[in-house]
Amino acid sequence: FTLEHIGIGGRYGIKSNYNQALPKALDSIRAALKPGGTFIVTLPLSARCVKTLLGRTYTTKSVMDSFGKNWIIKTARFSSDLALLELVKE
């Protein structure tokens, strides 16, 4: 499951960019988990958010803004080019 490609126009049969794709995908993942269930995600990081036909990158702030809502962040690790989050459904 590659979150960095969700909602980008020109990929996977999507005609135009769909900005609500990531929140909708996260809602679907939450719905599939039992309370207390864990979701582990890795995302590409860069100094600024970039969206291209190949995918998107996130900043540390955008990761925390996207995933800090509706999840308990059990673990968050950041390197220069990767974010690893362990999220728990409340």
Novice: In this structure, would I73 and F39 fall into the same cluster of hydrophobic residues linked by side-chain contacts under 4.5 Å?
Specialist: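 I73 and F39: one cluster.
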Novice: Report the residues that fulfil side chain to side chain donor-acceptor pair (under 3.5 Å) with D65, sequence neighbours left out, ordered by chain and then residue number.
Specialist: K61
Novice: Would you say the side chain of V41 lies within less than 4.5 Å of the side chain of L87, judging by non-hydrogen atoms?
Specialist: yes
Novice: Of all residues at least two apart in sequence or in a different chain, which pass the side chain to side chain contact (heavy atoms under 4.5 Å, CB included) check with K34?
Specialist: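 If we apply the side chain to side chain contact (heavy atoms under 4.5 Å, CB included) test to K34, skipping adjacent residues, there are no hits.
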Novice: With sequence neighbours left out, what residues match T42 under side chain to side chain donor-acceptor pair (under 3.5 Å)?
Specialist: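 Per chain and number, T42 pairs via side chain to side chain donor-acceptor pair (under 3.5 Å) with no residue.
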Novice: Of the non-hydrogen atoms in Y58 and C49, which two are nearest, and what is the gap between them?
Specialist: CA-SG, 4.3 Å
Novice: Would you say V50 and R48 make side-chain contact, with heavy atoms under 4.5 Å?
Specialist: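 Contact flag for V50/R48 side chains = yes.
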Novice: Tell me who clusters with I72, hydrophobic residues only, linked when side chains sit under 4.5 Å apart either directly or through other members.
Specialist: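 For the cluster that includes I72, the remaining residues are V88.
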Novice: Apply side chain to side chain contact (heavy atoms under 4.5 Å, CB included) to S28 and list each qualifying residue two or more places apart in sequence or on a separate chain.
Specialist: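 For S28, no residue satisfies side chain to side chain contact (heavy atoms under 4.5 Å, CB included) once neighbours in sequence are set aside.
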Novice: Side chains of W71 and E86, heavy atoms from C-beta outward: is any pair under 4.5 Å?
Specialist: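 No, too far: nothing below the 4.5 Å cut-off.
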Novice: Which pair of heavy atoms, one from A76 and one from L85, lies closest together, and at what distance?
Specialist: CB-CD2, 3.5 Å
Novice: Identify the two heavy atoms, one from T57 and one from S46, that lie closest to each other, and give their separation to 0.1 Å.
Specialist: OG1-OG, 2.7 Å
Novice: Donor-acceptor pair, K89 side chain versus R30 backbone, under 3.5 Å?
Specialist: yes
Novice: Determine whether M64 and L82 fall in the same hydrophobic cluster, where Ile, Leu, Val, Met, Phe, Trp and Tyr are linked whenever their side-chain heavy atoms lie under 4.5 Å apart.
Specialist: no
Novice: Nearest 0.5 angstrom please: S80 OG to L45 CG, how far?
Specialist: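 So the OG of S80 and the CG of L45 are separated by 8.5 Å.
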Novice: With sequence neighbours excluded, tell me which residues meet side chain to side chain donor-acceptor pair (under 3.5 Å) with T60.
Specialist: none
Novice: Output, in order, the C-alpha distance, side-chain angles, deciding distance and verdict of side chain to side chain contact (heavy atoms under 4.5 Å, CB included) for V63 and L43.
Specialist: CA-CA 8 Å; V63 168; L43 296 165; 4.0 Å; yes
